[in-house]
Amino acid sequence: MQVFIVYAHPSEDSFTRHVRDRFIAGLESAGHRYILSDLYRMNFKTDMSGAEYQREAYYRLDAPVPDDVLAEQEKINASDAIVFIYPVFWSEAPAKLVGWFDRVWTYGFAYGANRTMKQLEKGLMLCIAGNTLEYFHETGLLDAMQKVMLRDRLFDRVKQKEMIILDNTSRELPARGENWEKHLKRAFAAGQNMGA
Ligand SMILES: Cc1cc2nc3c(=O)[nH]c(=O)nc-3n(C[C@H](O)[C@H](O)[C@H](O)COP(=O)(O)O)c2cc1C
């Protein structure tokens, strides 16, 4: 299957970068193909322009969709599955990725009548977090993050949806080193299983 990876981390010196590479290794080992959008490296513009806002807020539905947005939409429609790999920043995705949704999920493509976005077979949120999974459960933040990402953003645009949190990876804690290989194995397996 063809997998579109939307990757958002500002630094190559990060655990998240290792997760991305291991996930790709898993994909390749299972014979899957992929397209990668590395949002920071691409310098993807994530602020909506006034004209884009007018279009998305139903002021001017005939306004054109910018070329960089069309390019992302083409990658989606050329794929069978979509994977987002990102660190949790303030209990959300980095603003870079949130802005990608603001701009790429356009009226007529991702929502509204006669939308042209292909319904994808599978969607995976592969999140890297400093906090523990227990903390996310106890605080209700896990539920919040899943609802925003899976229920709201992916919604019925994707048939099979999952969020995996690779937790307890704060740089200052020994747990980061202890969890390192376990998490990378999980990322590899997630890549291998994309077709399942
Ligand atoms: C601005 C910022 C905000 C963050 N907010 C959270 C957060 O809300 N919850 C959390 O679990 N980790 C948070 N973290 C930790 C990141 O998820 C961290 O990057 C993660 O441990 C992955 O390590 P890496 O950056 O080496 O890939 C934050 C980090 C930064 C830089």
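Counting convention: from 1, in listed order, for ligands and their atoms alike.
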Task: Atom indices of ligand 1, in the order listed, that fall short of 4.0 Å to a heavy atom of Ser91 - done: 7 (C), 8 (O)
- [ ] Can you pull out the closest protein heavy atom to atom 9 (N) of ligand 1? Residue, atom name and distance to 0.1 Å, please.
- [x] Asn131 ND2, 3.4 Å
Task: 4.0 Å heavy-atom contact, Arg176 with ligand 1 - done: yes
Open item on the list: Judged on heavy-atom distance to atom 13 (C) of ligand 1, which of Thr169, Leu141, Val88 sits nearest?
Closed with: Val88
Open item on the list: Can you report which non-hydrogen protein atom sits closest to atom 12 (N) of ligand 1, along with the distance?
Closed with: Gly130 N, 3.1 Å
Open item on the list: Could you identify the single nearest non-hydrogen protein atom to atom 27 (O) of ligand 1 and state the distance to 0.1 Å?
Closed with: Thr16 OG1, 2.6 Å
Task: Nearest protein heavy atom with distance in Å, relative to atom 22 (C) of ligand 1 - done: Ile128 CG2, 3.2 Å
Open item on the list: Checking Arg157 against Arg115 for the side-chain contact (heavy atoms from CB on, under 4.5 Å) test, could you report, in this order, the C-alpha distance in whole Å, the side-chain angles of both residues, the deciding distance, and whether it holds?
Closed with: CA-CA 10 Å; Arg157 300 171 184 97; Arg115 60 193 210 208; 4.2 Å; yes
- [ ] Look at atom 29 (C) of ligand 1 and say whether a protein heavy atom is found at less than 4.0 angstrom from it.
- [x] yes
Task: ligand 1 atoms in contact with Phe15 (distance to a heavy atom under 4.0 Å) - done: 24 (P), 26 (O), 27 (O)
Task: Numbering as shown, the atoms of ligand 1 that approach His9 to under 4.0 Å (heavy-atom distance) - done: 24 (P), 25 (O), 27 (O)
Task: Output field: ring centroids Phe4/Tyr34 closer than 6.0 Å - done: no
Open item on the list: Closer than 3.5 angstrom, by distance alone: can the side chain of Ser11 be matched with the main-chain N or O of Asp13 as a donor-acceptor pair?
Closed with: yes
Task: Straight-line distance of Met42 CE to Trp100 CH2, nearest 0.5 Å - done: 9.5 Å
TODO: State whether Glu74 and Lys118 are salt-bridged, where the test is any N-O pair (Lys NZ or Arg NE/NH1/NH2 against Asp/Glu carboxylate O) under 4.0 Å.
DONE: no
- [ ] May I ask you to decide whether Glu52 forms a salt bridge with Lys45, counting only side-chain N to carboxylate O separations under 4.0 Å?
- [x] yes
Task: Under-4.0 Å heavy-atom contact with ligand 1, by part of Arg17 that carries it - done: neither
- [ ] Examine Trp105 together with Tyr111 and report whether their ring centres are nearer than 6.0 Å.
- [x] no
TODO: Over all heavy atoms of both residues, which pair between Pro87 and Ala8 is shortest? Give the atoms and the distance, please.
DONE: CD-O, 3.0 Å
Task: Atoms of ligand 1, numbered as shown, that sit under 4.0 Å from any heavy atom of Trp90 - done: 1 (C), 3 (C), 4 (C), 5 (N), 6 (C), 7 (C), 8 (O)
Task: Tyr86 backbone acceptor or donor facing Thr16 side chain under 3.5 Å - done: no
Task: Heteroatom distance test (Pro87, ligand 1): nitrogen or oxygen, under 3.5 angstrom - done: no
TODO: With heavy atoms under 4.0 Å as the rule, classify the contact between Phe136 and ligand 1 as side chain, backbone, both or neither.
DONE: side chain
- [ ] Note the single closest protein heavy atom to atom 31 (C) of ligand 1, along with its residue, its atom name and the distance in Å.
- [x] Phe89 CE1, 3.7 Å
Task: Intermediate values then yes/no, side-chain contact (heavy atoms from CB on, under 4.5 Å), Phe23 and Phe188 - done: CA-CA 5 Å; Phe23 177 82; Phe188 184 88; over 6 Å; no
